[in-house]
Amino acid sequence: GLHIRQGDEPQLLSVDHVVICAGQEKLQDLFLELQEHGQSVHIIGGAKDSVELDAKRAIAEASELAAKI
């Protein structure tokens, strides 16, 4: 599940996949931390390769990954 806090109330959402869209700069701290904790994670788009802004490539990578999952 996914633990969140809404206001002061903690909640647990029953989910089996979480998608985080978090900007265009390559920053893999969260990715590496989740991997270290045994989570199955994927990194795509600018977070994977931030050489240039390429929305078409990022969308294609997201579509391919979604089809696999």
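Gln39 pairs by the side-chain contact (heavy atoms from CB on, under 4.5 Å) definition with Leu34, Val41, not counting sequence neighbours.
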Enumerate donor-acceptor pairs with a distance under 3.5 Å from any side-chain N or O in residues 59-69 to protein atoms, sequence neighbours excluded.
residue, atom, partner, partner atom, Å
Glu61, OE1, Gly45, N, 2.5
Glu61, OE2, Arg57, NH1, 3.3
Ser63, OG, Ile59, O, 3.0

Side-chain donor/acceptor pairs under 3.5 Å, residues 11-21, sequence neighbours excluded:
residue, atom, partner, partner atom, Å
Gln11, NE2, Gln6, OE1, 2.9

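Here CD of Glu36 is found 6.5 Å from CG of Leu32. Values are rounded to the nearest 0.5 Å.
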